[in-house]
Amino acid sequence: MSDFDALDHAFMGRALALAAQGLATAHPNPRVGCVLVRSGQVLAEGWHERAGGPHAEAAALANLLGSAAGATAYVTLEPCNHHGRTPPCSEALIKAGVARVVYAIGDPNPLVKGGGAQRLREAGVQVQSGLLAAEATELNAGFIKRMRTGVPLVRLKLAMSLDGRTALSDGRSQWITGEAARLDVQHWRARSAAILTGIGTVLADDPRLSVRPAGAAVRQPLRVILDSGLKTPPQARVFEGIDPQGVWIFTACTDPQRLTALSARGARVEQAASGSQVDLAQVLTMLGRSGINEVLVEAGATLAGALIEQQCVDELLLYMAPVVLGDRARGLLRLPEPATLEQARRFEVFESVAVGTDQRIRMRVGQTACSPG
């Protein structure tokens, strides 16, 4: 028998909805929501908006009009018990007189990891966990992966025709998918801490790699370019309209003139070489050390194939349009053919939804190997 009743599920569901409001802003912190309840009545709610701001529990307590004595706190992540930019949430809940804390999942951060729950129990607070754990894990999959492995979650976005083609043979690809799918991509860009592409895409398409519509309230992701030969043009659109220091270029080139020209545009240029190519594992390690939780890859068949081949991808975000382009059109991934069908890479589909006239399919890749050695 479950330890949780229908009201518990409802209040934790509300806490998850609050946490989701931080999808595009909480980075590099986890997305967390909190609901304070007594006798079945909601007393206050809160969510973590941005790093340096109040945690969800503190935000909920700040919104409280009366007392929290005897209340239950529903929190999507284990309350912290360490001093960071803000005081420990476990102490705040104890001080407020909360009698019960229900949290969805434990915090994988080594600074927390069970410490918050232990402190609450030591203070006589009833503590329960595991309610809607799968939903809470999905919400913070990138944060959890970075805490456990040191590298971010990598989500590879692809758009294709029914016959697995991404562009005509001459490279024309605007637009395979419809407007609804293109708008949907902006949601995934907004929730990502970084958008990663290769120099081939920069030279061919000159993308901005920004969240649209842009505005003062929109947090633009870090733009990451893998450019082994430092061929990124200083006048590329990726530098326009938004903070140019939000561009990070990984390279294997040491040409001082090219480096100086790009640095003058505000780009951060880093060596991440494996011979004459950029080392993907090094790149992801450096991004993880910089606090990047989720990376959205928007790249051509060569880089997309390399990421798949080197097992650097956690999730495929595939948009499929109801159109066929023919066998001369460009393929989805550049990969070596497996020797047998048994050796073919296989993926687990966990979501398939209609987006306008197109289909969005999400697939998990399973255990990745592109991580620190």
Side-chain angles (χ1 to χ4, degrees), residues 16-29 31 47 49-51 138-143 152-161 166-167 172-198 201-202 204-225 236-248 287 292-300 303-304 307 313-323 332 350-363:
L16 286 165
L18 290 166
Q21 294 187 51
L23 267 175
T25 61
H27 161 80
N29 290 347
R31 299 132 180 171
W47 56 283
E49 182 177 358
R50 62 185 69 252
E138 172 67 20
L139 189 66
N140 281 305
F143 175 78
L153 179 141
V154 177
R155 183 177 287 118
L156 174 59
K157 190 272 287 185
L158 299 165
M160 71 173 196
S161 62
T166 63
R172 284 179 292 163
S173 62
Q174 295 183 334
W175 297 102
I176 291 177
T177 55
E179 183 178 359
R182 298 195 296 276
L183 287 173
D184 190 67
V185 170
Q186 299 305 314
H187 158 78
W188 296 97
R189 285 187 173 188
R191 69 171 285 168
S192 303
I195 302 174
L196 184 148
T197 194
T201 297
V202 171
D205 300 335
D206 196 16
R208 286 190 175 91
L209 300 180
S210 59
V211 177
R212 296 186 295 274
V218 176
R219 178 194 62 81
Q220 293 294 343
L222 176 70
R223 282 87 70 209
V224 179
I225 302 171
R237 292 199 302 172
V238 73
F239 295 110
E240 294 178 1
I242 48 182
D243 179 12
Q245 294 185 356
V247 178
W248 197 350
L287 291 175
I292 301 297
N293 291 330
E294 294 183 19
V295 175
L296 181 66
V297 179
E298 300 190 24
L303 177 54
L307 287 162
V313 176
D314 298 281
E315 182 181 317
L316 294 183
L317 179 66
L318 178 65
Y319 294 88
M320 185 170 65
V323 62
L332 190 67
F350 67 96
E351 180 188 72
S352 182
V353 296
V355 181
T357 58
D358 306 310
Q359 196 75 10
R360 186 186 73 205
I361 304 167
R362 293 173 66 196
M363 290 172 266

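Since the model is a prediction, treat every value here as computed from it, not as a measurement.
- The nearest pair of heavy atoms linking R360 to L317 is CD-CD1, 3.8 Å.
- T201 places no side-chain N or O within donor-acceptor distance of the main-chain N or O of A299, the cut-off being under 3.5 Å.
- What you find for V238 and R223 is that their closest heavy atoms are O-NH2, 3.5 Å.
- V313 and E315 make their closest contact through CG1-O, 3.4 Å (heavy atoms, listed as atom of the first residue, atom of the second, distance).
- Of the possible donor and acceptor atoms, none in the side chain of D358 sits under 3.5 Å from a partner among the backbone N and O of Y319.
- Atom CG of L153 sits about 12.5 Å away from atom CD1 of I292, to the nearest 0.5 Å.
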R362 and R155: CA distance, side-chain angles, deciding distance, side chain to side chain contact (heavy atoms under 4.5 Å, CB included) verdict: CA-CA 10 Å; R362 293 173 66 196; R155 183 177 287 118; 4.2 Å; yes
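- Distance check, rounded to the nearest 0.5 Å: CZ of R189 to CG of L209 gives 6.0 Å.
- Scanning both residues, T166 and I176, for their nearest heavy atoms gives O-CD1, 2.8 Å.
- A distance-only check finds no donor-acceptor pair linking the side chain of Q359 to the backbone of M320 [under 3.5 Å].
- Remark: the backbone N or O of T177 is paired with a side-chain donor or acceptor of R182 at under 3.5 angstrom.
- In this structure N293 satisfies the side-chain hydrogen bond (donor to acceptor under 3.5 Å, both in side chains) test together with R146, sequence neighbours excluded.
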Residue pair E351, E138: steps toward the side chain to side chain contact (heavy atoms under 4.5 Å, CB included) verdict: CA-CA 12 Å; E351 180 188 72; E138 172 67 20; over 6 Å; no
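- Within the 4.5 Å cutoff, no side-chain heavy atoms of V295 are placed close to those of V224.
- The two atoms that bring P152 and E294 nearest to each other are CB-N, 4.2 Å, heavy atoms only.
- Counting only heavy atoms from C-beta outward, the side chains of L23 and L139 approach each other to under 4.5 Å.
- The main-chain N or O of Q21 is never found under 3.5 Å from a side-chain atom of R31 such that the two would form a donor-acceptor pair.
- Between L196 and L303, the closest side-chain pair of non-hydrogen atoms falls below 4.5 Å.
- The shortest non-hydrogen separation linking R212 to Q186 is N-OE1, 2.8 Å.
- Residues satisfying the side-chain contact (heavy atoms from CB on, under 4.5 Å) criterion with N29, sequence neighbours excluded, are H48, A51.
- In this structure a side-chain-to-backbone donor-acceptor pair under 3.5 Å is present from T197 to E298.
- Under a 3.5 Å cut-off, the side chain of R237 and the backbone N or O of D206 do form a donor-acceptor pair.
- Annotation: E179, atom CD; neighbour count of heavy atoms from other residues, nucleotides and ligands within 6.0 Å does not exceed 12.
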